[in-house]
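A short write-up of the structure that comes next.
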Amino acid sequence: MNQDLISIVNELHTILLQLDKKIHLPQIVVVGSQSSGKSSVLEMIVKRDFLPRGKNMVTRRPIIIKLTNPQSSNIKPYARFEHNRKTYYDFSQVRQEIDDETERITGKKNISDKPIVLNIVANDVVNLTLVDLPGLTQNATKHQQQNLPEQIRSLVSSYIKNPNSIILAISEATVDIANSEALKLAKKYDPEGIRTLGVLTKLDLMDRGTDVLDILEGELFPLRLGYIPVVNRSQHDIEQKTSIERCIKKESKWFKESKAYSDIANKCGSKHLSNQLSKLLLKHIHKTLPGVKDEIEIYVREIERQLKRVSDPFKKLGGNKGAFLMDIFTKFSSEFQNMIDGCSTEISMVEISGGARIYHAMNHVFVKYLNELDIRSEVSQKEIRTLMRNLSGTRSFILFSDQCFEILVKKKIKDFLQPSLQCVEMISLELERILKGLKIQQLELFPPLKGAIYTYSRNLIRSRIEQTQKYIENLINIELAFINIKHPQFKSTGSLLTEIKRENPDIEKVKQPPNNRGNRNGRKVNQKNLPRPKTVLTVGEPIDNNEITSAILIKKMVNNMLKILKIKICDSVIKAIFCFLVNESQEELLTHLVTNLYDENKFEKLLLEDKKIVMQRNNLKYNLECYQYALNTLHKIKYTKSRKISDL
């Protein structure tokens, strides 16, 4: 059962490795500097010569090595890659395929975090999963990217920071342990050394009389899982193609005959390392799989929620596309009305939106503009007096004529027209803004349908603009047709004159212009040379207090009438916009959409799903199937109460 457990985890690795979310599965991650003997250690564990070799960096992608012992002598050792599913019995071809596959993704010099997955089945291996990573380096060579060391550290860190990983830190015994790059990086993510196993290589190359016993006893750089010393294959062994089996025997003999290590020879060497790693991984699996199961269950629930948002929209309606369209039209028109009325469930707490913007546009933009209109275009006394004299023609006047008052009032009424028409345009844009902001979840799945609904809804709104503006033009024309001075709120001439005398008590004392007939500046005027009028005549000083009073009275009457008309016009314009534009758009939207879009010949075109959504749904379904398969597999495992890894 224990060996089957490692096989199950290997299978989970294969299934979950390709998914978007990375599950923290238990695994052994091999970390070491370039030329630390990392490849040699791995080959001694696998008992095969299969990794690329060279002077420069050869491991440029993670290699996940899954070892399986079939417990059958009838099976010939073989290797199989996940990327091409080919079976290799010649392990020199495995080395070449690793080279080729690496170059296919990374080119000649770069690295990649996309792993190569290699399954090896043989009777002489232990069940184990190892991840070989690019060797750590301090500096980039001349033809490498200058930030390559940082890229490698980032890649290695992404694996060893997984709390469910066992870190196999490879260090050269010939180098001061304090300078080990592998142990430095391991300590960063495993500061207490709980899940780090140290491997000391090249013991046979140490200076005579030196050893690593102090390191093995934990005196210098203690690790809970301790250290295992090994003797690597020599370059001579590699060149002579000495079998790894023979090299393992030579290694075992070396430790037994060594004065420093003979007493602990059974805890040294590649064979002991393989067995210890298998035990560690097994114990680690028992410890971590319950947490892995919880992690997968969280992802399953998350994917199920995401699938609901992009689920097949026709499923609930039995594939009835017509019913689906009617449901969408109804939801869209209802949400449009709710946004205007302030009843939507999507009410914003960040900005003014929906019907509140329409209210603001009408009352804080349009009405305010009209209220300030008389201030911006106020007629001066001089202009009023000029108009009075022009209307008098060849006659003198005692008081102004009604015509002067009407001309000024009608001029002001005409000034109301353009802002009122612009208000219609402004509210139509606000309605279109509401359309754009409507969020109907199912509608997001079908871009053609979404575009068609928006286009026809916008056309409906715009079709109401002309009718509304025509009605407002008629409102203005009605006011221009007759100025009702008998309006109950219009002040009488008498009351206005009383106000003028009270506000201007010195109006009777207006100084009359001097009469210097026949004499100008004390000089005699030549009666034979009559002066001509100026080319452009303007009013000068007031002739008498009657002219001043009349000008002030006209201005007061005009302002009084405009105050009445502004209230009336503002109220009528707002009501017209609501009646012909806002309300009719709300009431007719559903009918308009059904009339123009509910056509069986258009169903297929309108209900064409977004390719990205379809891909997302399929991807989510695939991920869900994988996670559920992994969960079902984990449910079958009986967990036993295990000790800590460090208890091994």
Side-chain angles (χ1 to χ4, degrees), residues 21-39 41-42 57 59-65 110-115 129-140 144-202 212 214-230 273 276-277 280-281 283-284 287-288 291-292 295 644-646 648:
K21 299 289 185 180
K22 300 305 179 186
I23 302 295
H24 294 142
L25 288 171
Q27 59 188 2
I28 298 174
V29 180
V30 185
V31 184
S33 300
Q34 288 185 25
S35 303
S36 63
K38 180 166 59 70
S39 295
V41 170
L42 288 171
M57 181 177 61
T59 304
R60 293 185 286 124
R61 288 175 59 181
I63 304 175
I64 300 176
I65 306 166
N110 300 325
I111 67 170
S112 170
D113 61 355
K114 187 175 181 181
T129 299
L130 300 164
V131 182
D132 183 24
L133 296 172
L136 298 169
T137 182
Q138 290 293 326
N139 301 295
Q144 292 175 337
Q145 294 179 347
Q146 291 306 301
N147 67 338
L148 184 63
E150 289 75 20
Q151 292 182 43
I152 294 173
R153 293 180 76 86
S154 176
L155 173 58
V156 173
S157 296
S158 68
Y159 277 85
I160 65 174
K161 69 182 179 182
N162 171 9
N164 291 340
S165 67
I166 296 174
I167 305 170
L168 189 63
I170 312 291
S171 305
E172 293 181 63
T174 55
V175 177
D176 187 350
I177 194 69
N179 296 324
S180 170
E181 292 298 322
L183 287 175
K184 285 180 184 178
L185 194 57
K187 189 174 182 180
K188 180 178 179 180
Y189 296 100
D190 181 28
E192 297 181 9
I194 295 174
R195 54 186 181 89
T196 301
L197 174 63
V199 176
L200 300 174
T201 64
K202 305 181 181 179
V212 293
D214 52 350
I215 299 175
L216 298 179
E217 291 170 0
E219 294 179 4
L220 298 181
F221 203 106
L223 297 174
R224 296 278 186 91
L225 302 181
Y227 292 86
I228 297 177
V230 298
L273 176 60
Q276 191 70 356
L277 286 176
L280 280 173
L281 182 58
K283 190 65 69 173
H284 201 47
K287 179 184 176 182
T288 58
V292 171
E295 191 177 357
K644 295 180 180 177
I645 300 178
S646 55
L648 285 172

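Not measured: the values here are computed from a predicted model.
Contact detail for I170 and A182: the closest heavy-atom pair is O-CB, 3.5 Å. N139 approaches T137 most closely through the heavy-atom pair O-OG1, 3.2 Å. Of all the heavy atoms in L223 and G198, the pair that sits closest is CD1-N, 3.6 Å. Here the shortest heavy-atom pairing between V199 and V41 reads CG1-CG2, 4.4 Å. In terms of heavy-atom proximity, N164 sits nearest to H284 at O-NE2, 2.8 Å. Of all heavy-atom pairs between L280 and L197, the closest is CD1-CD2, 3.8 Å.
K188 is not listed as a side-chain neighbour of K161, based on a closest heavy-atom distance of 4.5 Å or more. Contact check for V230 versus L200: no side-chain heavy atoms found under the 4.5 Å cut-off. Taking the side chain as every heavy atom from C-beta outward, T201 and K38 never approach each other to under 4.5 Å. Side-chain contact check for Q276 versus I228: some heavy-atom pair is nearer than 4.5 Å. Taking the side chain as every heavy atom from C-beta outward, I167 and V31 approach each other to under 4.5 Å. With contacts defined as side-chain heavy-atom distances shorter than 4.5 Å, the pair V30/V131 does not qualify.
Residues passing the salt bridge (charged side-chain N to carboxylate O under 4.0 Å, His left out) test with E150: none are found, sequence neighbours excluded. In this structure N110 satisfies the side-chain hydrogen bond (donor to acceptor under 3.5 Å, both in side chains) test together with Q145, sequence neighbours excluded. In this view, K202 and E172 satisfy the side-chain hydrogen bond (donor to acceptor under 3.5 Å, both in side chains) rule, not counting sequence neighbours. Applying the side-chain hydrogen bond (donor to acceptor under 3.5 Å, both in side chains) criterion to N147, with sequence neighbours excluded, gives Q151. Not counting sequence neighbours, the partners of K114 by the side chain to side chain contact (heavy atoms under 4.5 Å, CB included) test are R61, I105, S112. Scanning for side-chain hydrogen bond (donor to acceptor under 3.5 Å, both in side chains) contacts around D190 gives T196, with sequence neighbours left out.
A donor-acceptor contact shorter than 3.5 Å is absent between the side chain of H24 and the backbone of V292. When atom types are taken as modelled, the side chain of S180 and the backbone of I177 share no donor-acceptor pair closer than 3.5 angstrom. Looking at S36, its side chain never comes within 3.5 Å of a backbone N or O of G32 through a donor-acceptor pair. In this structure, R195 contributes its side chain and S165 its backbone to a donor-acceptor pair below 3.5 Å. Checked by atom type and distance alone, the side chain of Y189 never pairs as donor or acceptor with a backbone atom of Y159 at under 3.5 Å.
Here L168 contributes atom CG and L281 contributes atom CG; the two are 11.5 Å apart, rounded to the nearest 0.5 Å. Here the OH atom belonging to Y227 is positioned 12.5 Å from the CD atom belonging to E217, to the nearest 0.5 angstrom. Taken from CG in D132 to CD1 in I64, the straight-line distance is 11.0 Å, to the nearest 0.5 Å. With rounding to the nearest 0.5 angstrom, the CG atom of L220 is 5.5 Å from the CD1 atom of I215. Rounding to the nearest 0.5 Å gives a distance of 4.5 Å between CG of L277 and CD1 of I28. Atom CD1 of residue I152 and atom CG of residue D113 lie 13.0 Å apart, to the nearest 0.5 angstrom.
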If you apply the rule side-chain contact (heavy atoms from CB on, under 4.5 Å), what do you find for I166 with V29, and how did you get there? CA-CA 6 Å; I166 296 174; V29 180; over 6 Å; no

For a side-chain contact (heavy atoms from CB on, under 4.5 Å) check, start with the C-alpha distance between L155 and S158, then their side-chain angles and the critical distance, and finish with the verdict. CA-CA 5 Å; L155 173 58; S158 68; 4.1 Å; yes

Is there a side-chain contact (heavy atoms from CB on, under 4.5 Å) between L136 and L185? Walk through the geometry before answering. CA-CA 10 Å; L136 298 169; L185 194 57; 4.0 Å; yes

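Ion pair E192/K187 not flagged as a salt bridge, since none of the NZ, NE, NH1 or NH2 atoms sits closer than 4.0 Å to an Asp/Glu carboxylate oxygen.
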